[in-house]
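Heads up: the structure comes next, in structure tokens.
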Amino acid sequence: MVEVCKSLSVTKFQESKLQSTQNDVIAVEMPVALVYNGISHVVMMATPKDLENFALGFSLTEGIIQDPSEIYGIDIEQTTKGIQVQIELSSRRFSALKEKRRNLTGRTGCGICGTEQIDEVCKVLPYLKTRTKLSLADFKESLHYLKQVQVVGQQTGCTHAAVWLNNSGQFLAGFEDIGRHVALDKLLGYRAKQTVQDGIIVVSSRASYEMVQKVANCGVEVLFAVSAATSMAVNMAEQCNLTLVGFFRGEKGVIYAGHQRLTIDK
């Protein structure tokens, strides 16, 4: 089993004065290669856990597959330099991938490394139907759930988290990673395998266009972010009818788009 945290000795300082050497814990960052039918497609720097969910979520959010059934198998292989996730794609999807394949090295928080054309960034997103009506009063405990899933983060202060809550604000699942995109991909991969997929996504980061793009591609109607939203994220949310909330603090936040799904009182 690959370790996700490492202990080391550090020297801390306060008010410009050195303190004694202490033991500390840091998060493990490791290159993870996603290999489709024997061909390496992307290398992301990630926390080495929940990688099957990551592979499925990435495949969905990047449009490599449209349905989990188009992946026939996922194997995790540890190498001396990192981890390879071997993904067996259907012949149809693999043929489409080969035509559009790109090689890139993803750094923490990287969204578009290796993209060659602006049109590849501004993808057309599905228009989301308004099927849900939510009371904001039901989501006051959401930040608690973010902290709850950050097992590595609690030890290191080094991870982002993404959680999935049902329409009543109850916890369904959550994942963490050093990369905010990877944490979200892990969660969306898990969600894709569930029979019922209603609910909202809450992320511990800002809401950039990639986060909007990922959730919209998976049919998520509502995204809450702890930090700000970017202009491109707001534009995309408006175009695809996504409810986007930023600066979310449980009892307060900023609604950027999709007001129609939210009510203040029950």
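Contact record, Tyr256 with Ala228: OH-CA, 4.2 Å, taken as the closest heavy-atom pair. Nearest heavy-atom pair across Val28 and Cys5 is CG2-N, 3.6 Å. The shortest non-hydrogen separation linking Leu165 to Ser142 is CD1-OG, 3.3 Å. The two residues Gly258 and Thr243 come nearest to each other via the heavy atoms O-OG1, 2.8 Å. Across all their heavy atoms, Val196 and Trp164 have their closest contact at O-CH2, 3.3 Å. Across all non-hydrogen atoms, the minimal contact from Cys240 to Pro126 is CB-O, 3.4 Å.
Remark: Glu251 pairs with no residue by the side chain to side chain donor-acceptor pair (under 3.5 Å) rule, at least two apart or across chains. Evaluation of the salt bridge (charged side-chain N to carboxylate O under 4.0 Å, His left out) rule for Glu70 yields Arg92, Arg93 as partners, not counting sequence neighbours. Scanning for ring-ring contact (aromatic ring centres under 6.0 Å, His included) contacts around Tyr36 gives His41, with sequence neighbours left out. In this view, Arg249 satisfies the salt bridge (charged side-chain N to carboxylate O under 4.0 Å, His left out) rule with no residue, not counting sequence neighbours.
Under the salt bridge (Lys or Arg N to Asp or Glu O under 4.0 Å) criterion, no residue pair touches residues 148-157, with sequence neighbours excluded. Each salt bridge (Lys or Arg N to Asp or Glu O under 4.0 Å) pair with one or both residues in residues 31-45, not counting sequence neighbours, would appear here, but there are none. The salt bridge (Lys or Arg N to Asp or Glu O under 4.0 Å) analysis of residues 155-179, with sequence neighbours excluded, yields the pairs Lys49-Glu176, Asp177-Lys186. Evaluation of the ring pair (Phe, Tyr, Trp, His ring centres under 6.0 Å) test over residues 218-245, restricted to residues two or more places apart or in two chains, returns Phe139-Phe224, Phe224-Phe248. Within the structure, the salt bridge (Lys or Arg N to Asp or Glu O under 4.0 Å) test picks out the following pairs touching residues 214-234 (sequence neighbours left out): Glu62-Lys214, Arg131-Glu221, Asp185-Lys214, Glu221-Arg261.
In this structure, the side chain of Ser204 engages the main chain of Ala161 through a donor-acceptor pair within 3.5 Å. At distances below 3.5 Å, not a single donor-acceptor pair connects side-chain atoms of Arg206 with backbone N or O atoms of Ser227. Formation of a donor-acceptor pair under 3.5 Å by the Asn37 side chain with backbone atoms of Leu89 is found in this model. At distances below 3.5 Å, at least one donor-acceptor pair connects side-chain atoms of Arg191 with backbone N or O atoms of Cys218. Side-chain atoms of Ser59 never come within 3.5 Å of backbone atoms of Ile64 as a donor-acceptor pair (strictly under, hydrogens ignored). Thr263 places a side-chain N or O within 3.5 Å of a backbone atom of Leu134 that can act as its donor or acceptor partner.
No side-chain heavy atom of Asn23 sits less than 4.5 Å from a side-chain heavy atom of Ser7. Contact of the Leu188 side chain with the Val220 side chain is registered, since non-hydrogen atoms from C-beta on lie closer than 4.5 Å. The side-chain heavy atoms of Pro68 and Leu56, taken from C-beta on, include a pair separated by under 4.5 Å. No side-chain heavy atom of Asn53 sits less than 4.5 Å from a side-chain heavy atom of Leu187. Residues Val42 and Phe58 form a side-chain contact, since some pair of their non-hydrogen atoms from C-beta on lies under 4.5 Å apart. Between Met211 and Leu184, the closest side-chain pair of non-hydrogen atoms falls below 4.5 Å. With contacts defined as side-chain heavy-atom distances shorter than 4.5 Å, the pair Val234/Leu244 qualifies. Using a 4.5 Å heavy-atom threshold, the side chains of Val182 and Thr47 count as separate.
Residue Leu262 holds its CG atom at 8.0 Å from OG1 of Thr132, rounded to the nearest 0.5 Å. Once rounded to the nearest 0.5 Å, the distance linking CG of Leu136 with CD1 of Ile255 reads 5.5 Å. Distance check: Lys98 NZ to Ile39 CD1 gives 6.0 Å after rounding to the nearest 0.5 Å.
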| query | Under the side chain to side chain contact (heavy atoms under 4.5 Å, CB included) criterion, do Thr61 and Gln213 qualify, and how do the steps go? | reply | CA-CA 8 Å; Thr61 61; Gln213 184 170 278; over 6 Å; no
| field | Chi angles and distances behind the side chain to side chain contact (heavy atoms under 4.5 Å, CB included) call for Asp198, Asn166 | value | CA-CA 6 Å; Asp198 294 338; Asn166 68 15; over 6 Å; no
| Criterion side chain to side chain contact (heavy atoms under 4.5 Å, CB included) on Cys158 and Ile26, from CA distance to verdict | CA-CA 8 Å; Cys158 194; Ile26 57 173; over 6 Å; no
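Linking ILVMFWY residues whenever their side-chain heavy atoms come closer than 4.5 Å, directly or via other members, leaves Val25 and Val2 in distinct clusters. Using a 4.5 Å cut-off between side-chain heavy atoms of Ile, Leu, Val, Met, Phe, Trp and Tyr, with links allowed through other members, Val4 and Met45 fall into different hydrophobic clusters.
Side chain to side chain, Ser208 and Glu210 meet the donor-acceptor criterion of an N or O pair below 3.5 Å.
Around atom NZ of Lys6, no more than 12 heavy atoms belonging to other residues, nucleotides or ligands sit under 6.0 Å away. Environment of CD in Glu141: sparse, with no more than 12 heavy atoms of neighbouring residues, nucleotides or ligands closer than 6.0 Å.
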Which atom pairs, one a donor and one an acceptor, fall under 3.5 Å between side chains of residues 71-85 and the rest of the protein, sequence neighbours left out?
{"unit_1": "Thr79", "atom_1": "OG1", "unit_2": "Lys81", "atom_2": "N", "d": "3.3"}
{"unit_1": "Thr79", "atom_1": "OG1", "unit_2": "Gly82", "atom_2": "N", "d": "3.1"}
{"unit_1": "Thr79", "atom_1": "OG1", "unit_2": "Gly82", "atom_2": "O", "d": "3.0"}
{"unit_1": "Gln84", "atom_1": "OE1", "unit_2": "Gln86", "atom_2": "NE2", "d": "3.0"}

Give every donor-acceptor pair under 3.5 Å between a side-chain atom in residues 143-152 and any protein atom, sequence neighbours left out.
{"unit_1": "Gln150", "atom_1": "NE2", "unit_2": "Thr159", "atom_2": "O", "d": "2.7"}
{"unit_1": "Gln150", "atom_1": "NE2", "unit_2": "Thr159", "atom_2": "OG1", "d": "3.4"}

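Side-chain contacts under 4.5 Å among hydrophobic residues (ILVMFWY), followed directly or transitively, place Val35 with no other residue at all.
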